[in-house]
Q: 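Below is one structure. I have some questions about it.
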Amino acid sequence: MQQIRACRLCAQALPLPPKPILQAHPAARILIAGQAPGLKAHTLGRPFDDPSGDRLRQWLGVDRTQFYDEHLFAIVPMGFCFPGSHTSEGKKRGDKAPRPECAQTWHERLLAALPNIELTLVLGQYAIDYHLGGGAGVKGKLSVGQAVANWQAYWPEKMVLPHPSPRNNLWLKRHPQFETELLPKLRARIAALLER
């Protein structure tokens, strides 16, 4: 973690000074594999300390104290630093893709140092590509919708979640089974892991 926090590999490509945002401890039992920290996370120095994080904690059935306990939850995004935002006509149009240097340089070693992970929560397309690959019998990339619909293929070791951003409200409305079928199972599994 000290080496990662001191990392400056992609400093020239970032809009702000490097500031790796993640949490990890060998005792953690649940891994949250997301995309990359947003501007607010960069500013505050803590992942998911925003409305997306509020929604994610509600999905998981945990409070802030549990969520930010590194002995319970590891939070390892595909990119550790804020990658910048896409803009069009002066308006922000979402964040850029995570920088690839993080996964290429750090992920294999960091994930190997987390031997107690029993559940990996995979958030978003970049995390799906890394943690699930193309998926069995799927040509090309596995979409978020495909991965969520095929959740039982990865359960109980992994669960794919859409990014909890308010930008995904339409996706959630189009996939009501996510909240009615998957979230109760996910909350029960997390509660069982946290009780141990």
Side-chain angles (χ1 to χ4, degrees), residues 22-38 41 46-78 98 103 107 110-112 114-196:
L22 68 158
Q23 76 179 34
H25 188 278
R29 293 187 294 277
I30 302 166
L31 169 64
I32 298 173
Q35 307 281 91
R46 192 191 313 219
F48 293 106
D49 197 359
D50 57 12
S52 294
D54 294 339
R55 177 181 267 171
L56 179 58
R57 286 183 284 279
Q58 185 264 330
W59 283 354
L60 306 181
V62 299
D63 61 28
R64 291 175 65 85
T65 301
Q66 293 168 309
F67 187 79
Y68 289 116
D69 183 341
E70 66 182 9
H71 295 86
L72 301 176
F73 287 92
I75 302 174
V76 180
M78 296 309 302
H107 276 61
L110 180 56
L111 296 177
L114 301 173
N116 294 305
I117 297 296
E118 295 183 49
L119 174 63
T120 299
L121 305 176
V122 183
L123 276 67
Q125 191 64 59
Y126 294 99
I128 288 171
D129 294 346
Y130 183 86
H131 289 276
L132 302 182
V138 177
K139 285 188 174 184
K141 285 190 173 192
L142 184 64
S143 73
V144 173
Q146 289 171 319
V148 171
N150 198 30
W151 68 274
Q152 291 174 329
Y154 316 110
W155 186 255
E157 290 82 23
K158 296 179 182 173
M159 170 70 82
V160 177
L161 305 174
H163 194 281
S165 165
R167 291 178 177 265
N168 280 334
N169 286 344
L170 183 59
W171 189 94
L172 293 168
K173 193 176 277 190
R174 289 180 177 163
H175 300 87
Q177 73 280 6
F178 171 73
E179 292 189 340
T180 59
E181 296 175 23
L182 277 69
L183 288 187
K185 292 183 184 336
L186 178 60
R187 286 187 192 115
R189 174 122 168 84
I190 287 176
L193 288 171
L194 297 183
E195 282 176 8
R196 293 202 262 136

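We use all heavy atoms of the structure for the numbers below, so side chains are in, but hydrogens, waters and symmetry mates are not.
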Q: Is a donor on one side and an acceptor on the other found under 3.5 Å between the side chain of Tyr68 and the backbone of Pro47?
A: yes
Q: Where do Arg64 and Asp69 land on the side chain to side chain contact (heavy atoms under 4.5 Å, CB included) test, with the steps shown first?
A: CA-CA 8 Å; Arg64 291 175 65 85; Asp69 183 341; over 6 Å; no
Q: Is it the case that the side chain of His107 and the backbone of Pro77 share a donor-acceptor pair, with hydrogens and angles ignored and the cut-off at 3.5 Å?
A: yes
Q: Report yes or no: does Glu179 contribute a side-chain atom to a donor-acceptor pair with the main-chain N or O of Pro176 at less than 3.5 Å?
A: no
Q: Where does the angle between the aromatic ring planes of Trp171 and His175 fall among parallel (under 30°), tilted (30 to 60°) and perpendicular (over 60°)?
A: parallel
Q: Does any part of the side chain of Leu161, heavy atoms only, come nearer than 4.5 Å to the side chain of Val148, both counted from C-beta?
A: no
Q: Start with the C-alpha distance between Asn168 and Arg174, add both sets of side-chain angles, then the distance that settles side-chain hydrogen bond (donor to acceptor under 3.5 Å, both in side chains), and finish with yes or no.
A: CA-CA 10 Å; Asn168 280 334; Arg174 289 180 177 163; over 6 Å; no
Q: Counting N and O atoms only, with roles assigned by atom type, does the side chain of Arg29 sit under 3.5 Å from a partner on the main chain of Leu193, one being a donor and the other an acceptor?
A: yes
Q: Starting at CG of Leu182, measure out to CE of Met159 and round the result to the nearest 0.5 Å.
A: 4.0 Å
Q: Nearest 0.5 Å please: distance from the CG atom of Leu22 over to the CG atom of Leu110.
A: 6.5 Å
Q: Should the pair Trp59 and Phe178 be assigned to parallel (<30°), tilted (30 to 60°) or perpendicular (>60°) ring geometry?
A: perpendicular
Q: Given side chain to side chain contact (heavy atoms under 4.5 Å, CB included), test Arg187 with Gln58 step by step and report yes or no.
A: CA-CA 9 Å; Arg187 286 187 192 115; Gln58 185 264 330; 3.3 Å; yes
Q: Ignoring hydrogens and geometry beyond distance, is a side-chain donor-acceptor pair present between Gln125 and Asp129 at under 3.5 Å?
A: yes
Q: Would you indicate whether the side-chain heavy atoms of Leu186 and Leu60 approach each other to under 4.5 Å?
A: yes
Q: Applying side chain to side chain contact (heavy atoms under 4.5 Å, CB included), run through Leu194 and Val62 and close with a yes or a no.
A: CA-CA 10 Å; Leu194 297 183; Val62 299; 3.7 Å; yes
Q: Please check this pair: side chain of Gln177 against backbone of Ala149, looking for a donor-acceptor N/O pair closer than 3.5 Å.
A: no
Q: What I'd like to find out is whether the side chain of Pro164 reaches to under 4.5 Å of the side chain of Leu123, using heavy atoms alone.
A: yes
Q: With distance as the sole test, does Asp50 use its side chain to make a donor-acceptor pair with the main-chain N or O of Ala41 at under 3.5 Å?
A: no
Q: Test side chain to side chain contact (heavy atoms under 4.5 Å, CB included) on Thr120 and Tyr154; report intermediate values, then the result.
A: CA-CA 10 Å; Thr120 299; Tyr154 316 110; over 6 Å; no
Q: Can you check whether Leu114 reaches Asn116 side chain to side chain, under 4.5 Å on heavy atoms?
A: no
Q: Think Arg57 forms a cation-pi with Phe48, using NZ or CZ under 6.0 Å from the six-ring centre and within 45 degrees of its axis?
A: no
Q: Distance check, rounded to the nearest 0.5 Å: Leu31 atom CG versus Glu157 atom CD?
A: 13.5 Å
Q: Is a side-chain donor or acceptor of Asp63 paired with a backbone partner of Gln66 at a separation under 3.5 angstrom?
A: yes
Q: Between Arg196 and Glu118, does any side-chain N to carboxylate O distance fall below 4.0 Å?
A: yes
Q: Report yes or no: does Lys185 contribute a side-chain atom to a donor-acceptor pair with the main-chain N or O of Trp155 at less than 3.5 Å?
A: no
Q: Gln35 side chain to Tyr126 main-chain N or O, any donor-acceptor pair under 3.5 Å?
A: yes
